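See below for the structure under consideration.
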Amino acid sequence: LEFTFAHLSDVHLGPLPHGAAWSDFALKRVIGGLSWGLRRRKIHDPAIAAALVVDIKAHQPDHIAFTGDLVNIAAIAEYEAGARWLDALGKPEHVSFTPGNHDAYVAVPYNMGLKHFEAYMTGDLRRSTNVQFPFVRLRRNVAFIGLSSASPQSLTRAGGTVGHDQLRLLAENLKELKKRGFYRAVLLHHPPLPGLAIARKALTDAAALSDVLRMEGAEVVLHGHNHSQTFNKLATQSGPVPVHGVPSASSTGYHSQALAEWHRYSVDRSKGTWRTVVDVRRFNPVQNAFGTVRQFALHEDDNTV
Ligand SMILES: [Fe+2]
């Protein structure tokens, strides 16, 4: 019996709430608000994101992975709108969310900000401490491991950091889940390998994260942030780890950006081997609908468990 899940990212939900850019006088918000008005609002169309949700739901995936940047400038009203958007996407137990740099665009008290998305970032075993990431959610024979790479950045940066504590727990989780026979899907906003993002936008500890992945392996790593489709492989001793990036879920294609996509994964296990088939569902502006533009299989030659 196959297990299917959807991957989407970088909704950048608009329009910006009135006056949001100027709230609390955060300069980064003001600049982010100007950037939205000049360029981003032409790239990100909430109607496309809504059509994407309709298309995902029509496929009835067993789970939905959303790798962050739901909002734009971390205004309080954006979190409220974001929570409503998530609610329309699916129930918290059915949707896993990892925050992006725009979800932590400026420092916002947790209770006024990311708390709105908390139910989608909570692991099966809620830890008694305030350590929230990585969360682990077990869905049949698939484990979703969610990392947070979101932290407020200086004016010109859009980077992120996973941090030592999350990396240590990630290594433990990957080892344990492999032992228990789970398919391991790692989720985070930023591209996890060095060189996949320009320095200004990169994960500061991508080298350390790729070391953990190289050591412990994973069946797939899903990310967003670059607003482009990337299918990479990280070579490891136990076979390549697929590292996949998806374009923005709301992209109009304006300014030669990649058109909106979501990716459908269907996972099956036979004779001790995982088989993953990826369907690339892309927005077609002429038909005003999503359709499959590519389908391919992973793990055929490698990844024998
Ligand atoms: Fe991002």
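Counting convention: from 1, in listed order, for ligands and their atoms alike. Starting from 1, each residue takes its place in the sequence as its number. Please read these numbers as outputs of a predicted model, since none were measured by experiment.
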Checking one value in my table: which N/O/S atom of His189 lies closest to the Fe ion (ligand 1)?
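Per the distance ranking, His189 contributes NE2 as its closest N/O/S atom to the Fe ion (ligand 1).
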
Just give me the atom name: the N, O or S atom of His225 closest to the Fe ion (ligand 1).
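Atom name returned: ND1.
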
Cation-pi check, Arg41 onto Trp36 ring (under 6.0 Å, within 45° of axis)
no

If only side-chain N and O atoms count, and only distance matters, is there a donor-acceptor pair under 3.5 Å linking His227 with His12?
yes

Answer yes or no as to whether an N/O/S atom of His190 is found below 2.8 Å from the Fe ion (ligand 1).
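Checking His190: none of its N, O or S atoms is under 2.8 Å.
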
Got a sec: is His227 within less than 2.8 Å of the Fe ion (ligand 1) via an N/O/S atom?
no

Are the side chains of Val246 and Gln229 in contact, using a 4.5 Å heavy-atom criterion?
no

Worked check of side chain to side chain donor-acceptor pair (under 3.5 Å) between Asn101 and Gln153
CA-CA 8 Å; Asn101 50 303; Gln153 299 284 305; over 6 Å; no

Under-4.0 Å salt bridge between Glu80 and Arg84
no

To 10 degrees, how wide is the angle OD1 (Asn101) to the Fe ion (ligand 1) to OD2 (Asp69)?
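Vertex the Fe ion (ligand 1), arms to OD1 of Asn101 and OD2 of Asp69: 100°.
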
